[in-house]
Amino acid sequence: MKRLEVIFYPMPVYVNKMHPAEQTLKCTDFIFHKGLLLLLFQFQFIVSCPKSCQCSDSNGAMVVQCSSRNLDEIPIDLPMDTVSLKLDANKIHQVPNNAFKDLSYLQELDLSRNSIEKIELSAFKGVTDGLRLLDLSGNQIQSIPKEALANLKGKIRLSNNPLHCDCSLQEMLRELNLDPETVNDISCQTSVQEEYVGKPLIQVLDSGINFCNIHHRTTDVAMFITMFGWFTMVITYVVYYVRHNQEDARRHLEYLKSLPSTQITKDFDTISTVL
């Protein structure tokens, strides 16, 4: 039997012949570049935060605090990873189209206690899917386009606004998830019927009032008055036309009486044919 021999070859060992000074230089260069990248990251974070606001990380979520900063418009340089945006207690007058279109992570938006009067159709485009809370309370909102709040699944606060209660507002509220804690503070500053002014909107609707029916009845009455006016004009014209023709015929008959009998017979036959 042949003997199996196993031969082990020694592994080559590479010795780092780099000079200690060179090693130190490379290590320093590595640390410098890492520090520079970290500094650039921090600089980018600072630049992306509006100068009038304060940005902070709360448990991994970006919170942008812009409360009580005398802002008259919504900042445009907001961090794209903003999760909570507080713009309350400012002087903002309107929410323009695409104001938050780049904030795809936004979950809470506080616009309360401003002077907002107008909300444009695409004001909340880009945040409707993820937004959990939209606070519009304490503003000067009288009406909101139905399309502006369409597809919003989060809670919405509309209390303490001078809302005009009509059919369009009623239809819009049906599709919204109103915050139950503030829903009783939504009242009618003005209304299609004076008797509901100053009353809580939910109380009015719960009593069976339907603003859309009121609107339809008002429209029906207006149409009836318009049709009656046209009918009266037509009847007046017909009566005038008949009377005018009768007067002309009478005058012509009187004229015929003054003519010789032969001419009268011919003209009388002509008038009889006409009449």
Side-chain angles (χ1 to χ4, degrees), residues 41 43-164 166-179 182-183 186:
F41 175 78
F43 179 74
Q44 182 180 5
F45 172 80
I46 295 173
V47 170
S48 63
C49 187
K51 62 180 181 179
S52 57
C53 305
Q54 181 179 357
C55 301
S56 60
D57 189 314
S58 177
N59 297 324
M62 175 65 69
V63 177
V64 181
Q65 179 68 253
C66 305
S67 304
S68 304
R69 303 299 173 94
N70 291 321
L71 299 175
D72 55 7
E73 61 182 9
I74 298 172
I76 59 174
D77 52 346
L78 295 166
M80 297 180 64
D81 57 344
T82 301
V83 175
S84 177
L85 176 58
K86 299 183 182 299
L87 289 164
D88 54 298
N90 282 291
K91 300 177 181 179
I92 300 172
H93 291 277
Q94 68 171 346
V95 185
N97 287 328
N98 303 313
F100 313 101
K101 65 181 181 65
D102 295 325
L103 308 182
S104 57
Y105 299 99
L106 190 62
Q107 296 181 10
E108 296 182 3
L109 176 57
D110 190 353
L111 288 166
S112 64
R113 295 181 296 155
N114 277 279
S115 302
I116 298 174
E117 298 177 352
K118 182 180 180 181
I119 298 177
E120 298 189 358
L121 294 178
S122 301
F124 303 106
K125 183 178 180 180
V127 299
T128 55
D129 293 334
L131 204 60
R132 296 180 181 177
L133 175 63
L134 173 61
D135 195 342
L136 292 168
S137 61
N139 282 283
Q140 299 299 318
I141 302 172
Q142 296 183 4
S143 62
I144 305 175
K146 184 177 180 181
E147 297 81 1
L149 301 180
N151 302 320
L152 277 173
K153 301 298 187 296
K155 292 181 180 180
I156 299 177
R157 295 173 181 170
L158 288 173
S159 57
N160 300 317
N161 277 288
L163 293 170
H164 176 69
D166 58 3
C167 181
S168 60
L169 178 64
Q170 177 180 324
E171 290 183 341
M172 182 191 67
L173 293 182
R174 286 178 179 174
E175 302 180 5
L176 298 182
N177 180 19
L178 297 175
D179 181 19
T182 61
V183 68
I186 302 176

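Everything numeric in this text was worked out from a predicted model, so none of it was measured.
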Is it the case that the side chain of [X] and the backbone of [Y] share a donor-acceptor pair, with hydrogens and angles ignored and the cut-off at 3.5 Å?
X	Y	value
D88	S67	no
D179	L133	no
R174	M172	no
K146	I144	no
N90	N114	no

Enter the distance from [X]:[atom1] to [Y]:[atom2] here, rounded to the nearest 0.5 Å.
X	Y	atom1	atom2	result
L149	L136	CG	CG	7.0 Å
I92	N70	CD1	CG	11.0 Å
S84	L106	OG	CG	7.5 Å
L173	L169	CG	CG	4.5 Å
K125	N97	NZ	CG	8.5 Å
Q94	S115	CD	OG	12.5 Å

### Message
Evaluate L158 against L176 for side-chain contact (heavy atoms from CB on, under 4.5 Å), listing each step before the verdict.
### Response
CA-CA 11 Å; L158 288 173; L176 298 182; 4.3 Å; yes

### Query
Where do V95 and F100 land on the side-chain contact (heavy atoms from CB on, under 4.5 Å) test, with the steps shown first?
CA-CA 10 Å; V95 185; F100 313 101; 4.0 Å; yes

#### Entry: Criterion side-chain contact (heavy atoms from CB on, under 4.5 Å) on S52 and L71, from CA distance to verdict
CA-CA 8 Å; S52 57; L71 299 175; 3.4 Å; yes

List the atom of [X], the atom of [Y], and the distance in Å for their closest heavy-atom pair.
X	Y	value
E147	L121	OE1-CD2, 3.5 Å
N161	S137	ND2-CA, 3.8 Å
C55	M62	CB-SD, 4.0 Å
P162	N139	CD-O, 3.5 Å
L87	P75	CD2-CD, 3.8 Å

### Query
Is the count of non-hydrogen atoms from other residues, nucleotides or ligands lying under 6.0 Å from R132 atom CZ greater than 12?
no

### Message
For the CD atom on Q142, are there more than 12 heavy atoms of other groups (residues, nucleotides or ligands in this structure) within a distance under 6.0 Å?
### Response
no

### Task
Output, in order, the C-alpha distance, side-chain angles, deciding distance and verdict of salt bridge (charged side-chain N to carboxylate O under 4.0 Å, His left out) for D135 and R157.
CA-CA 5 Å; D135 195 342; R157 295 173 181 170; 3.3 Å; yes

### Query
Going by distance alone, is a donor N or O of one side chain under 3.5 Å from an acceptor N or O of the other, for S122 and N98?
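Short answer, no.
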
Could you check whether any side-chain heavy atom of [X] comes within less than 4.5 Å of a side-chain heavy atom of [Y], counting everything from C-beta outward?
X	Y	answer
L163	I141	yes
V127	L109	no
S143	S168	no

### Candidate pair I156 and N177, rule side-chain contact (heavy atoms from CB on, under 4.5 Å), full reasoning
CA-CA 6 Å; I156 299 177; N177 180 19; 5.8 Å; no

